[in-house]
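For reference, the structure discussed in these notes is given below.
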Amino acid sequence: MVQPETVSSPALVGRERESAELARALSGGPALVLVEGEAGVGKSRLVQECLAGPAGRRRHAVVATCPPFRESLTLGPVVDALRSARTAVAGRRLSPLAGALRPLFPEWAGDLPPAPEPLTDPGASRHRMFRALAELVDRSGVELLVLEDVHWADDATLEFLLFLLSDRPVRDIGVVLTYRPDDVPAGSLLRRLTSRSRAGLAQVRITLGLLDVAATAGLVSSMLGGEPVSEAFAAFLHDRTDGLPLAVEESVRLLSQRDDVIRRDGEWVRRSLAELSVPPTVRDSVLERVQRLGADARRVLDAAAVLAEPAGDDVLATTAGLSGPRARAALIEAARSGLLGEDPRGRPVFRHVLVGRAVYDAIAGVERRRLHEDAGRALERLRPPPLMQLTRHFRTAGDVPRWARYAERAADAAVASDDHTTAVAVLEPLVTAGGLAAPELARLATKLASAASARRESVDAVHARVIAVLREVLDGAGLAPSSQAELRIPLGRLLLQSGEFEAGRAELERAVPELAHQPAEAAVAMTLLGYPLPGPRPAAEYRGWLERAERAAAGLPSDLDRLSLTADRAAALLVLGEPDGWEVVTRLPRDMPTTEGRCQLARGHANVGYAALLWGRDATARRHLDRALELAESARFARLTATVQELMVLADWLSGRWHGLAERAAALAADDDVEPNAKQGALLVTALLGVVTDRQGAERELRGLLERVRPDSVAAIPLIPAAVLARRELAAGRPDAALELTDAATTTVRTSGTWVWAAELAPVRVQALLASGRRDTAAAFVAAFQRGLDGRDAPAPAAALESCRAALAAADGDHLGAAQLAAAAAARWSSLPRRYEELLAHETGAGHLIAAGRTDDGVALLARTHRRLAQLGARSDSDRVARTLELHGAVAPGAVPARRGRRGYGDELSPRELEVVRLVVTGRTNREIARAVSRSPKTVAAQLNSAMRKLGVTSRTALAVLAVEAGLVGADTER
């Protein structure tokens, strides 16, 4: 029997097909190769073998690994990869744009262009950084970028990869990514990257599975000199490891060290398959191997586990407390153990993260804290210092002064790269840990609050945690009043973002008195207080804050600050319905010289465009939205671009430009690049189009949207679904349900005086009040609506006001006057144009004409309205009008007439008879029912008598009882 003298590194076994596929993908041209599989399955080995082969040698490749920490330094893997491409940037002919790279490559500062002008807009700053990095990739001659363990990549790194592989790549670059699918966080940008492709980009996905028994035998054989392995041994290992290459390899090494592998009869076997079980996890095998090493080698492994990320020999030895020949011997022994390998830059690193994790978990707590302190002190000597690593080490060591120093610097670097989430993750534990002096606590808490309020993610648990932290800081003693005020502004913004409007306003109001020495901050707080949000506050209060903000901002020296506040003031005034907001709009410059200035100007035009839609100045709205889109696209302001597109989709719905709109709205709602809050308008339009085209489930979608929409979102969005749903409830004979749907929005409009919001809401609210027998309340509402529009050139609300007047006139029996007012409303809607509202006004006017005895005129108008509704695509509405025409003995244009009169329903109730029965159950008189359904009392009486005959009853009371018992007026079904 012969025992193995040495155990070699395993060959790449069982990956012939995957190797060939990878080589083909890297043979030339732009490519994205995704290598996925679980930990230890051999992803890195596959890539390394390919890079060492002909396909890899033909392309200039750079390789980096994403560290296994959520708080990795922004863009760290990409920066590491580019650092390894060359040692300097001299001679690369970089443009001035490359000056933006100075924070990432301080060691190259002497060769980089001067830093460009700082940007305050995170999106513009991030885009500039990405362009500069892409240029550096291009000028460095990089043809192949390999990033390992991308499931640990920071969001900025993934966003850069999306940018690099966009429709217009910098060069024909190949990108290889390895990752574990199961470890990709929910919502990670990696899923977006791996699920999208562009024309001309070869995208290959290679999934590595577990080895079968034969491949397991081949892997073991390659480690033992190439000699055969017994079937029993191979099956045993496969059974215990499931064919995971790392687990197989580690088990073989452990068995060899235990002298449990012998060569018998020309093949390798275990001494006894029953004597010693292979450890069930890699951790067990790793820890047993570690114990076989000398004390100094174990110290090196402990240091490597604490460092966690690749480090040079000197840092590793210093952390281990070794030096000189003793350190070199320990490093050699640790490397020879097979537990340590080398990264692409030759630095010692655990061969797999599971190995390092096993070693780290075995270190005692006291010893672990000491090692973290030693690791931090060793890393402090590097230039540039690895800020995120230093933050982690000194935090774990409990060294608060050093922790605070590096955490603040790391957070500043993250914010400079528009990675506010990382900044929050770095600062939050520091602020909550205690031990900071009051001035330092105030400064760091303010930075935490600002970073949290600037995050691009939707409102989530991070918002709630940071709010709680900031409240604790403010409740504690020691902060100066001015420091408290500076902290309350971002706290107030966070509360507003979270929908806690009153609490947010309270924080801002408390901050303002202490900000006399900081007019810019005071103006920001006052402008936020001046923007109308849901709550019982009058318009005068909002306007008062805006006037104070304007005075505070008058002396600001920065053109950018003045522009931002002017844009916010214009939007706030217009949303309030204040005409002088249009004068403020004229102060917006035509253009700005900087990217940040153009971003702010784009935001201003977008907000004005939205406000113009509320007013019904649709042509003005389109001009501002077009300009906003032009500016946002030129500045690569992706988030605002999506918002403007959302408003354009909403504008097309309002104007009746429905051709292809459903597809555009659905695409915008499904776009992963669009934030969830920016999708509300697209989702609304998708649901609205579904309702008017009778798409199954559309009404349910609309109700769900109304329930989910944040109260502080675009004002028109929650009002429109409420109005549309209320209109359907009213048509179904449920005015109380219509009133309930419109109650909250009506309260907001009345208390804040923002009557320009009520264009869609007001007519259905008035009709519901009248159908409920509340004529005086309806009249008071219309009078308040009219007063709210006095002195305001707001065409859409003005058209709605005519519809309200028409409803009042009909309730008073003046059907001819009601028809004239409805016609006036239709003309106003037509001039905007808002075709759908125009046609609904015509339908109502036709009903008034019929009720006034001018049946022929009313039927003719209905016929024209039916044709135009059908052309528009409003199927549910055109069908309703067709049924009305049928009731009056007319056939809708395009409909096939019945051979013998109108359609008969036998003993079943017709839809119109059922509608009347439902209204009878609510206790309404025939006249009240006639007003609700826009029919004459005679027609209603005839339908009621027919229903009573079919159901075999002789009184209204009996009819109501039978209808309820029979379920004829049960839960509403979608129509």
Side-chain angles (χ1 to χ4, degrees), residues 123 127 159 162-163 166-168 187 189 191-193 195-199 456-459 599 602-603 605-614 618 621-693 695 697-710 712-721 724 760 834 836 872-873:
H127 179 260
E159 288 180 337
L162 284 167
F163 177 85
S166 63
D167 291 340
R168 295 179 294 279
L189 294 175
R191 299 193 188 280
R192 187 183 314 167
L193 180 68
S195 64
R196 297 167 65 113
S197 62
R198 66 167 182 83
R456 296 186 297 114
E457 290 82 356
S458 304
V459 174
C599 289
R603 187 175 60 83
H605 280 292
N607 289 337
V608 171
Y610 155 64
L613 287 177
L614 292 180
D618 292 6
R622 289 191 177 276
R623 287 197 301 272
H624 283 282
L625 293 176
D626 287 342
R627 181 56 178 157
L629 186 62
E630 178 186 357
L631 288 165
E633 289 180 339
S634 68
R636 302 295 180 93
F637 195 171
R639 181 174 53 183
L640 183 64
T641 298
T643 299
V644 175
Q645 290 171 338
E646 176 203 21
L647 290 172
M648 287 181 161
V649 164
L650 186 61
D652 285 344
W653 157 263
L654 292 171
S655 66
R657 300 180 182 183
W658 294 359
H659 180 68
L661 182 59
E663 292 76 13
R664 287 198 293 120
L668 186 59
D671 192 342
D672 289 338
D673 292 329
V674 179
E675 294 181 63
N677 285 340
K679 295 181 179 182
Q680 298 298 329
L683 291 171
L684 167 65
V685 170
T686 300
L688 289 172
L689 288 169
V691 168
V692 300
T693 57
R695 176 170 57 81
E699 183 173 334
R700 184 170 58 252
E701 292 174 15
L702 197 59
R703 290 183 182 277
L705 179 64
L706 184 60
E707 293 173 358
R708 295 192 310 271
V709 71
R710 283 174 48 187
D712 64 330
S713 61
V714 175
I717 290 178
L719 265 64
I720 291 176
V724 171
E760 289 78 23
R834 295 195 181 178
Y836 184 54
L872 185 63

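Because only heavy atoms are used, hydrogens play no part in the values below, and waters and symmetry mates are left out as well, while side chains stay in.
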Calculate, to the nearest 0.5 Å, the distance between atoms CZ and CH2 belonging to Arg664 and Trp658 respectively. 13.5 Å
Are any of the side-chain heavy atoms of Asp626 and Met648 separated by less than 4.5 Å? yes
Shortest non-hydrogen separation from Leu702 to Pro721 and the atoms involved: CD1-CB, 3.7 Å
Please name all residues satisfying side chain to side chain contact (heavy atoms under 4.5 Å, CB included) with Ala602, sequence neighbours left out, ordered by chain then number. Leu631, Ala632, Leu640
Pick one: which of Leu688, Leu684, Thr686 meets side-chain contact (heavy atoms from CB on, under 4.5 Å) with Trp653? Leu688
If I take atom CD from residue Glu701 and atom CZ from residue Arg703, how far apart are they, to the nearest 0.5 angstrom? 13.0 Å
Check whether any side-chain heavy atom of Leu625 lies under 4.5 Å from a side-chain heavy atom of Val608, and answer yes or no. no
When His605 is tested against each of Glu630, Arg623, His624 for side-chain contact (heavy atoms from CB on, under 4.5 Å), which residue passes? His624
Carefully, step by step, assess Leu668 and Leu683 under the rule side chain to side chain contact (heavy atoms under 4.5 Å, CB included). CA-CA 8 Å; Leu668 186 59; Leu683 291 171; over 6 Å; no
Residues Ala665 and Val685: closest non-hydrogen pair is CB-CG1, 4.1 Å
Does Arg834 have any salt bridge (charged side-chain N to carboxylate O under 4.0 Å, His left out) partners at least two apart in sequence or in another chain, and if so, which? Asp618, Glu760
On a heavy-atom basis, which atom in Leu647 and which in Ala606 lie closest, and how many Å separate them? CD1-O, 3.8 Å
Could you walk me through whether Thr641 and Gln645 pass side chain to side chain contact (heavy atoms under 4.5 Å, CB included), step by step? CA-CA 6 Å; Thr641 298; Gln645 290 171 338; 3.9 Å; yes
Nearest heavy-atom pair of Val692 and Leu689: which atoms, and what distance? CG2-O, 3.3 Å
Side-chain heavy atoms of Asp652 within contact of Arg622, under 4.5 Å: yes
